[in-house]
Amino acid sequence: MANFELYKGPYNPQITEPAVLEFWEKNPFFKPEYNPEKQELDTTEELKQYLHGHPERRFVIIDPPPNAYGRPHLGNISGYSYQDLLGRFWRMKGKRVLLFPGKDHAGIQGEIVVLREHFRPQGKSKATMSRDQFYKETYDYFTGMMAEALKDEKRIGLSADFDRNVFTLDPTIVDNVLSTFIQLYDKEKVYKGVRIVNWCPSCKTALADIDTEKKEREASMYYLKYPLKNPVGNHTHITVATTRPETMLGDTAIVVNPEDDRYKELHGQIVILPLVNREIPIITDGQVDTSVGTGCLKLTPAHAPEDYEIMLRWNENNPNNQVDWINVIDPEGKMCGPIGKYKGLTTIEAKEAVLTDMKALSLFEKEETISQRIPVCERCKTIIEPLMSSQWFIKIDDMKSKAIQAVKDGDISIHPKYMTKKYNHWMKNLRDWPISRALWWGYRFPVWYKGEIETTYNEEGKVVELINGVQVTDFADAVQKGLAQVSKTSPGSEWIQDENVFDTWFSSGQWPYVTLEKEGLLDVMYPTDTMETGYDILEFWVSRMIMLGLFRTNQIPFKDVYLHGIVKAPDGQKMSKSKGNVITLDDLVGQYGADAIRLLYIVGNKAGASYRIDSDKLAGNRNFLNKLWNAAKYVNFSTQDLSAPWEIEESSLSFEEADRQILQKARDIALQVEQKIKKFRFGIVAVDLIQSFWHDFCDTYLEQVKQRLYTKDKEGNPINNSPEAIASRKAGQWTLWYVLGVYLKSLHPYIPFITEYLWDSYPKASTESKTLSYASWPVTEETS
RNA sequence: GGGAACAUAGCUCAGCUGGUUAGAGCAUUCCGUUCACAUCGGAAAGGUCACAAGUUCGAAUCUUGUUGUUCCCACCA
């Protein structure tokens, strides 16, 4: 027993919650190995044997790993509240529950934070360290920070198996993730290809679209004339509009809308690209907006993603009339390729030179100011330079169709249901996944080159890779020439490892099975039950877990996806440091306690809906907890002379109508709670549960039964001493005791601290669980 | 441009597959309360369920359209 005191005065979470936390810390309740019948741990082997025999008796949630370098924000915390609610509910329903906590190394963001927060204050940077030094020190820094995060997870009441907390860069995890890459390679689902990428000239890395953001700025739009090779009618030239004149050196076509009457007679004509005198064709594409600029688009596939798309589309439909690309900007931001005297200039110098030269040739028409939104690096805010680069890709075609099918067939259900549409929409449009990042912090590619690998652009503006000075056409060619190899360990001293690390989603996308496999639990705990996370990473994370899970294990990684909304600041806006409206767990937990915060997240909320931090609601929640506290104390002292109530047969008692009603109501609400939790509608039913406790039990029943409980009137004269009154009093006491138990249990998944505290002094049989975590749910759902 | 959601009381929101008089919390007004709790209880007031048409015996709920708000994706040469 924990010996929690029912102290005088109002409920104070600052007293009760730390006491309960300590009780939970000292006991291994939250390990799936905990055997509630024996009240001690089974070995992991015994657990596995048990689950082999009873596969339905498990419930597993892999907690989404937050960034390891910081404390969880209130969004993470809200997720823990939902995960914990489900875990605690199923534990009470007799399942062996595992909530598996972890921490993420957070790729680009992690690298930037460690450089800024840890290395810069010491005067260190990537320039002053070796890669190994950086990795080791960062690893230590991150593992040190993790302890703080774990404290917060415990503080909110997460009943996870914290001994199993694991870092995404844990060596066993790394090994397993790399195995997936090798398997993908063996099945020819990985390739090294040339593609347009979002290149950050400052970070010197390729960025996924999601690592970029948009910035508004004023820019000049220049109208340039390109002469036609053979004038058609009164057309001697066409005019294009561009904000980046320097990229014209890489133009490979002019595109007009096929429906645009102004240019219909020019389809298929040839234009002489000024300054470099290259002949380029006029092609058509339906995406060209006739109202923008002149309706003529200069096509620079190597330096504009949309142009690249148009090129691919055109080439698909016109196999005999292919359009190519020419890369004219290198990763340093200098001009390159077949561009004559402009070669070697910076893009800014080249822009001036091109404009000057076009003016000299009288090919400059006009300039106007526009506002445009340009992509910048999400981390360092540098303007993105799209260019062609050699990158690793995963072919996702059949992975994605399997992932779509799994949801379509109902093997995986997404809550709320309408998010399924978002998922499908995203998946349908998904292309091959670029997975390489030029960083130091992450999983380095298990790829080796025999000598230095060098990526350059040749005189034609094409990407060329050289290994040890030998040109290779692609990775397969390099392997065949004995210059490259895929392997977790170095093939020999003269081999150099690929510099790239994996996109963070590649490792976190494998989280469900790599975590369980590390613990040797994959065979009995996979697929997991519920993936609970924010709806904002449905596409980025959940979709990848489904694809990679199906690839690696041939099984879905989880059966249900519950997506919670975004936590917003009291002003209704997104919390962000720049707005100065960030609220932390510390701000709230001292004032209201963890249970009240959990209620804020859960009560009245439904899947996918965002909600605000609202001090009125928090205060209301605290009031409710105080109500529960006082009611429990009242029941406790007014039933003190009722001995061993658990031994009393319900049928032997002389109930009054009020007793029967509250018994019925309490059982009804417990049943409803069970049904709604199973359907992931726990937030809605919580309102009814609280209402029922407060009004049916406290305001109505408790006030009524008081009259029957008094043994003395105000003057001290004995009352209620007839045999009928004594029997009625006993029935009332028993009802109070029983119904309080039903509410404590039903409320426990929502507010574990106060209920666990009150459970300690709640009269119960010696065979009852000493922790409410393993008290059995008060009702059994009729399956009929 | 493509996709999705939302629009219900002064505020924040419930209302699941259509079924009596549309609900809760907060706020407001009134009344009460020394025997668990003022972090209390009781009551009142407050809504053309955005608008329009349709389906139906019956619509806040289903369909279509309109208007407004929010989010995601793409794009703005």
Side-chain angles (χ1 to χ4, degrees), chain A residues 6 8-12 209-210 214 216 219 221-224 240-245 247-248 251 254-255 286-289 291-300 303-307 309-310 370-375 416-426 428-430 535-536 538-540 565-566 570 572 574 592 596 603-606 608-612 614-617 619-638 675-676 679-681 683-688 690-691 694-695 698-700 702-703 706-707 709-710 712-714 736:
Chain A
L6 292 182
K8 264 181 85 78
Y11 177 66
N12 182 352
D209 288 344
I210 56 177
K214 294 295 199 288
E216 198 88 27
M221 175 97 90
Y222 304 96
Y223 286 72
L224 305 175
V240 297
T242 181
T243 54
R244 299 204 57 194
T247 64
M248 71 171 279
D251 285 358
I254 300 297
V255 196
Q287 289 278 304
V288 175
D289 188 339
S291 68
V292 178
T294 59
C296 289
L297 168 66
K298 63 186 261 316
L299 194 79
T300 322
H303 301 292
E306 174 65 5
D307 292 8
E309 289 304 313
I310 291 173
I370 59 153
S371 79
Q372 65 170 178
R373 296 181 68 213
I374 49 163
K417 208 172 170 185
Y418 65 77
M419 293 279 184
T420 309
K421 293 180 193 167
K422 280 182 68 182
Y423 172 83
N424 287 332
H425 187 245
W426 164 271
K428 251 197 322 221
N429 296 322
L430 204 58
Y535 72 77
D536 51 334
L538 167 68
E539 291 97 333
F540 307 143
I566 302 296
K574 256 188 184 175
Y592 303 103
V603 176
N605 283 126
K606 53 184 176 181
S610 298
Y611 42 96
R612 297 182 307 137
D614 181 333
S615 54
D616 284 346
K617 282 191 180 174
N621 295 341
R622 194 183 49 192
N623 293 356
F624 168 68
L625 297 173
N626 189 55
K627 191 78 184 173
L628 174 59
W629 170 253
N630 278 300
K633 281 203 294 186
Y634 177 79
V635 171
N636 185 276
F637 76 68
S638 58
Q675 289 168 341
K676 294 293 161 87
K679 290 156 108 176
F680 297 94
R681 297 182 60 81
I684 303 309
V685 75
V687 178
D688 297 334
I690 289 170
Q691 280 281 309
W694 201 319
H695 294 111
C698 296
D699 295 343
T700 308
L702 223 139
E703 293 301 328
K706 272 178 184 174
Q707 307 309 319
L709 299 181
Y710 295 136
K712 288 174 187 166
D713 67 11
K714 283 180 182 173
L736 277 180

Nucleotide nearest Asn630(A) when distance is taken to its side chain, options A36(B), G42(B), A14(B): A36(B)
Students often get this wrong, so: under 4.0 angstrom with heavy atoms, is Cys296(A) touching a base, only sugar-phosphate, or nothing? nothing
For a quick check, tell me whether the side chain of Lys627(A) and the base of C37(B) share a donor-acceptor pair closer than 3.5 Å. yes
For atom C1', what is the distance between A22(B) and C13(B), given to the nearest Å? 14 Å
OP1 or OP2 of A36(B) sitting under 4.0 Å from any side-chain N/O of Asn636(A)? no
Atom NZ of residue position Lys706(A) - does it have more than 12 heavy atoms of other residues, nucleotides or ligands inside 6.0 Å? yes
Is there a donor N/O on one and an acceptor N/O on the other, under 3.5 Å, for the side chain of Glu703(A) and the base of C37(B)? yes
Whole-angstrom distance between C62(B) and G25(B), as gauged at atom P: 26 Å
Using a cut-off of 4.0 Å on non-hydrogen atoms, how would the nucleic acid contact of Thr243(A) be classed: base, sugar-phosphate, or nothing? sugar-phosphate
Categorize Leu297(A) for me: base, sugar-phosphate, or nothing, with a 4.0 angstrom heavy-atom threshold over every strand shown. base
What's the gap between C26(B) and G42(B) when it is taken at their P atoms, as a whole Å value? 11 Å
Which part of the nucleic acid, if any, lies within contact of Asp614(A), taking any heavy atom under 4.0 Å across all strands shown: a base, the sugar-phosphate backbone alone, or nothing? nothing
Have a look at Lys706(A) and say if it touches a base, only the backbone sugar-phosphate, or nothing, with a 4.0 Å heavy-atom cut-off. base
Among C73(B), C75(B), A24(B), find the nucleotide with the atom closest to the side chain of Phe540(A). C73(B)
Just compare C73(B), A4(B), A77(B) and give me whichever is closest to any side-chain atom of Tyr418(A). A4(B)
Of the nucleotides A14(B), A36(B), G25(B), which has the atom closest to the Lys606(A) side chain? A14(B)
Can you give the dot-bracket line for RNA chain B, using ( ) for pairs inside the strand, [ ] for pairs that cross earlier ones, | for pairs with another strand and . for unpaired bases, where Watson-Crick and G-U count if both distances are under 3.5 Å? (((((((..((((.....[...)))).((((((....).))))).....(((((..]....))))))))))))....
Scan Arg244(A) against the nucleic acid and name what it touches under 4.0 Å (heavy atoms): base, sugar-phosphate only, or nothing. nothing
Parallel, tilted or perpendicular: which one describes the rings of Trp426(A) and Phe540(A), with boundaries at 30° and 60°? perpendicular
Given G3(B), A14(B), C71(B), which nucleotide is nearest the side-chain atoms of Tyr535(A)? C71(B)
Nucleotide of G41(B), A36(B), C37(B) approaching Asn626(A) most closely (side-chain heavy atoms): C37(B)
Go through G3(B), C16(B), A14(B) for me and flag the one nearest to the Lys676(A) side chain. C16(B)
Candidates A36(B), A77(B), C72(B) - which lies nearest the side chain of Lys298(A): A77(B)
The side chain of Pro10(A) is closest to which nucleotide in this list: U39(B), A36(B), U12(B)? U39(B)
Can you tell me how far P in C35(B) sits from the matching atom in G41(B), rounded to whole Å? 14 Å
Looking at G3(B), G41(B), A36(B), which one has an atom nearest to any side-chain atom of Leu702(A)? A36(B)
Arg681(A) side chain near G15(B) phosphate (N/O to OP1/OP2, under 4.0 Å): yes
Looking for any heavy atom pair under 4.0 Å, which part of the strands does Gln691(A) touch: base, sugar-phosphate only, or nothing? sugar-phosphate
Select base, sugar-phosphate, or nothing to describe what Leu299(A) touches, counting heavy atoms under 4.0 Å on all strands. nothing
Please tell me if Trp694(A) has a side-chain N or O lying less than 4.0 Å from either OP1 or OP2 of G41(B). yes
With heavy atoms under 4.0 Å as the rule, sort Ala631(A) into base, sugar-phosphate or nothing. base
So, does Lys421(A) get its side chain near the phosphate of A5(B), meaning an N or O under 4.0 Å from OP1 or OP2? yes
